[in-house]
Structures are given as C-alpha cells and as structure tokens.
Colleague: 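Here's a structure for you.
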Amino acid sequence: MFYILRHGRTDWNEEHRLQGEVDIPLNETGRQMAYDAAEKYKDIDFDICYCSPLKRAQETARIFLADRDHAVEIITDNRLHEMCFGDYEGVKNIRQKPECPVYLLFEEPEKYVAKDGAESFEELYHRTGEFIEQVLRPQLEAGKNVLVVGHGAMNCSIVNQFRGTPIKDFWKDMQGNCELLRVE
C-alpha cells in the first residue's frame, strides 16, 4: 500500500508565500499538526518512508513516525523536493496576481509555461516519475507499505501519475498540511 503525506505548516504557509525549494522549517503550528497526524494515523503500519530533503518535510516525517511500535526507516530522496518556482519563490498571494506567470500553474495548469528559473511540469514529472519507477513500484511489488512525505505540488505529481490524472486537473488531490492520502 502507498500513502503520501504533506508536510506541516510553516510561517510561509501562514503568510501565503510560495515556498518551492526554499528550505523553510516548520513552525509550532506545523509541529503540532505532525504530532496530531501521528496520533490520528497511529494504527497504519509503514515499512519504509521516503522523504523530501527539505527541512519542513523531514521534520514532519520524524515527528509523524517517532512513537511507532517499530522503527520506520526514513530515506531522503532528492527527487522528492518541492516543485521549483524560480524567481517567484517567496512571493505572497500568487493566486491573486494574474499578471504573474506562476498564476497559471494554479488556475489553469494546462496553460502553464515555466519561466524565470521555474520548473516545468515535464521536469517535475520526469524526476518524480523516475522515483516512482525506480523506488516506489519495486517496494509496492514487494508488498511493502510505503509512506512518502513531501509537498503540495510534488505530491500531486506523484498521485496524478499513479491515477492518470490530466494536467488540467493537477490540483484535484491537493492535500492540506499533514493530511495523509492513501493512493491505490
């Protein structure tokens, strides 16, 4: 079985700033969310966890998996970092700025064209697709319960590839912070 978890809240989440690859840590609310999620999902067994290299995801994974009956190995994989938004990382309220190229990423993803150092969907899908084929599918075929801890856009890319969701519906399965999704 495959589960995917989005990291807890950060100060930039609270400020509605686009995070991307900027390595923002969890805030106290985010840490509490991870503890609450750990309690809520304590009865789900995981054999292994793959995690983004960014602090907010790693701390979420450590808190989420800390008090389990058996230790769950957390393996960091660089392919699981958040989508890069280039020069627009740190910008506030991007969804209220139609003049910004990244606006389309959220409002009309099928029309999004990466600019100014941002990552394209093709690049995002290439790296996460490689992770799916090289790591995730072999673990699932071996009967493992796998947890992936990551980020909004990155998680959507994995879920969408698994489910065959078209780019126009990219955000359909967007998770809230510390929301666990079972993917079948």
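Sequence positions, counted from 1, serve as the residue numbers for this chain.
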Colleague: In terms of the angle between their ring planes, are F64 and Y41 parallel, tilted or perpendicular, with boundaries placed at 30° and 60°?
Modeller: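 The rings of F64 and Y41 sit tilted, inter-plane angle from 30° to 60°.
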Colleague: Count I, L, V, M, F, W, Y as connected when their side-chain heavy atoms are under 4.5 Å apart, and connections chain through other members. Are V149 and V72 then in the same cluster?
Modeller: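 Same cluster: V149 reaches V72 through Ile, Leu, Val, Met, Phe, Trp or Tyr contacts under 4.5 Å.
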Colleague: So F106 and L18, side-chain contact (heavy atoms from CB on, under 4.5 Å) or not? Walk me through it.
Modeller: CA-CA 11 Å; F106 297 100; L18 198 55; 3.6 Å; yes
Colleague: Quick one: list whatever passes side chain to side chain contact (heavy atoms under 4.5 Å, CB included) with P166, sequence neighbours left out.
Modeller: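 P166 satisfies side chain to side chain contact (heavy atoms under 4.5 Å, CB included) with K168, D169 once adjacent residues are dropped.
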Colleague: Linking Ile, Leu, Val, Met, Phe, Trp and Tyr through side-chain heavy atoms less than 4.5 Å apart, which residues share a cluster with I24?
Modeller: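 Once heavy-atom contacts under 4.5 Å are chained together, I24 belongs with W12, V22.
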Colleague: Determine the minimum heavy-atom distance between C100 and I94, stating which atoms define it.
Modeller: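 Here C100 and I94 meet closest at SG-CD1, 3.3 Å.
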Colleague: How many angstroms lie between CD in E21 and CE in M83, if you round to the nearest 0.5 Å?
Modeller: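 With rounding to 0.5 Å, CD (E21) is 10.0 Å from CE (M83).
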Colleague: If you define the side chain from C-beta out and look only at heavy atoms, does anything of I44 sit under 4.5 Å from L147?
Modeller: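 In short, these two side chains do not touch, never coming nearer than 4.5 Å.
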Colleague: Using the salt bridge (charged side-chain N to carboxylate O under 4.0 Å, His left out) rule, collect all pairs that involve residues 80-101, keeping only residues at least two apart or in two chains.
Modeller: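 Salt bridge (charged side-chain N to carboxylate O under 4.0 Å, His left out) check on residues 80-101 returns R95-E107.
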Colleague: Identify the residue among L180, V159, I4 that makes a side-chain contact (heavy atoms from CB on, under 4.5 Å) with Q175.
Modeller: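 For Q175, the side-chain contact (heavy atoms from CB on, under 4.5 Å) test succeeds with only one of L180, V159, I4, which is I4.
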Colleague: So, do I74 and R62 sit near enough that their side-chain heavy atoms are less than 4.5 Å apart?
Modeller: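 Heavy-atom side-chain distance check passes, below 4.5 Å.
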Colleague: Where is the tightest heavy-atom contact between E133 and P138, given as atom of each residue plus distance?
Modeller: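 Scanning both residues, the minimum pair turns out to be O-CD, 3.4 Å.
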Colleague: Go through the steps for F85 and V91 under the test side-chain contact (heavy atoms from CB on, under 4.5 Å), then give the verdict.
Modeller: CA-CA 10 Å; F85 304 115; V91 173; over 6 Å; no
Colleague: Once you round to the nearest 0.5 Å, how far does CG of L5 lie from CG of N155?
Modeller: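 Nearest 0.5 Å value for the CG-CG distance: 8.0 Å.
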Colleague: Give a yes or no on whether the backbone of A34 and the side-chain of T60 come within a donor-acceptor separation of less than 3.5 Å.
Modeller: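 Side chain of T60 to backbone of A34, a donor-acceptor pair under 3.5 Å: no, none is there.
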Colleague: Using a strict 4.0 Å threshold on nitrogen-to-oxygen distance, state whether E28 and R31 make a salt bridge.
Modeller: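 Answer for the salt bridge query: yes.
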Colleague: Atom CE of M154 and atom OH of Y125: how far apart are they, to the nearest 0.5 Å?
Modeller: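 Spacing of CE (M154) from OH (Y125) equals 12.0 Å.
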Colleague: Checking side-chain contact (heavy atoms from CB on, under 4.5 Å) against I158, which of L181, L124, I132 comes through?
Modeller: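 By the side-chain contact (heavy atoms from CB on, under 4.5 Å) criterion, I158 pairs with just one of L181, L124, I132: I132.
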Colleague: Under the rule for side chain to side chain contact (heavy atoms under 4.5 Å, CB included), what residues qualify as partners of K115, not counting sequence neighbours?
Modeller: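 Checked K115 against side chain to side chain contact (heavy atoms under 4.5 Å, CB included); matches are P101.
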Colleague: Can you measure from SG (C156) to CD1 (I167) and round to the nearest 0.5 angstrom?
Modeller: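 So the SG of C156 and the CD1 of I167 are separated by 10.5 Å.
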Colleague: Rounded to the nearest 0.5 Å, how far apart are CG of N93 and NE2 of H16?
Modeller: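 The CG atom of N93 sits 6.5 Å away from the NE2 atom of H16.
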Colleague: T128 and R79: which non-hydrogen atoms are nearest, and at how many Å?
Modeller: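 Smallest interatomic distance, heavy atoms only, reads CG2-O, 3.8 Å.
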Colleague: Can you see whether F162 has R137 sitting over its ring - NZ or CZ less than 6.0 Å from the centre and within 45° of the normal?
Modeller: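 The answer is yes; both the distance and angle limits are met.
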Colleague: Students often mix this up, so state it plainly: with edges at 30° and 60°, are the rings of F121 and F170 parallel, tilted or perpendicular?
Modeller: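 The arrangement is tilted - the two ring planes meet at 30° to 60°.
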Colleague: For N160 and S157: C-alpha separation, side-chain torsions, deciding distance, then whether side-chain hydrogen bond (donor to acceptor under 3.5 Å, both in side chains) applies.
Modeller: CA-CA 5 Å; N160 291 347; S157 77; over 6 Å; no
Colleague: Do M1 and L65 sit in one hydrophobic cluster, given that two such residues count as connected whenever their side-chain heavy atoms are within less than 4.5 Å of each other, even indirectly?
Modeller: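 Per the 4.5 Å side-chain linkage, M1 and L65 are co-clustered.
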Colleague: Keeping the roles fixed (side chain from R127, backbone from H81), state whether a donor-acceptor pair exists under 3.5 Å.
Modeller: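 Present.
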Colleague: Are the side chain of N145 and the backbone N or O of D45 linked by a donor-acceptor pair below 3.5 Å?
Modeller: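 Yes, the answer is positive, given that a donor and an acceptor are paired below the 3.5 Å cut-off.
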Colleague: Would you please name every residue forming a side chain to side chain contact (heavy atoms under 4.5 Å, CB included) with I75, sequence neighbours left out?
Modeller: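 With neighbours one apart ignored, the set is I48, Y50, E73.
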Colleague: Counting N and O atoms only, with roles assigned by atom type, does the side chain of H70 sit under 3.5 Å from a partner on the main chain of F46, one being a donor and the other an acceptor?
Modeller: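 Yes, the answer is positive, given that a donor and an acceptor are paired below the 3.5 Å cut-off.
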Colleague: Regarding E39 and K42, does a basic nitrogen lie under 4.0 Å from an acidic carboxylate oxygen?
Modeller: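 Salt bridge: yes.
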Colleague: Measure the OG1-CG distance between T10 and N177 for me, rounded to the nearest 0.5 Å.
Modeller: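 Rounded to the nearest 0.5 Å, the OG1-CG separation comes out at 7.5 Å.
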Colleague: Can you list the steps and then say if C178 with D36 is a side-chain contact (heavy atoms from CB on, under 4.5 Å)?
Modeller: CA-CA 9 Å; C178 279; D36 293 345; over 6 Å; no
Colleague: Within a strict 4.5 Å, meaning less than it, do heavy atoms of the R56 and Q19 side chains meet?
Modeller: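 Yes, close enough: below the 4.5 Å cut-off.
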Colleague: Got a sec, which residues hit side chain to side chain contact (heavy atoms under 4.5 Å, CB included) with T29, two or more places apart in sequence or on another chain?
Modeller: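 Applying side chain to side chain contact (heavy atoms under 4.5 Å, CB included) to T29 gives R9, E14, N27, M33.
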Colleague: Without swapping roles, check the side chain of W171 against the backbone of G152 for a donor-acceptor pair under 3.5 Å.
Modeller: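 Absent.
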Colleague: Tell me whether L80 is reachable from F2 by hopping between hydrophobic residues (I, L, V, M, F, W, Y) whose side-chain heavy atoms are closer than 4.5 Å.
Modeller: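 Cluster IDs for F2 and L80 match.
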Colleague: What's the shortest heavy-atom distance between G150 and S52, and which atoms?
Modeller: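 It is CA-CB, 4.4 Å.
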Colleague: Check R182 against R163 and note the closest heavy-atom contact, atom names and distance.
Modeller: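 Distance-wise, the nearest heavy atoms are O-NH2, 3.4 Å.
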Colleague: Which atoms form the tightest heavy-atom contact between A38 and I63, and what is the distance?
Modeller: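 Looking at all heavy atoms of both residues, the closest pair is CB-O, 4.0 Å.
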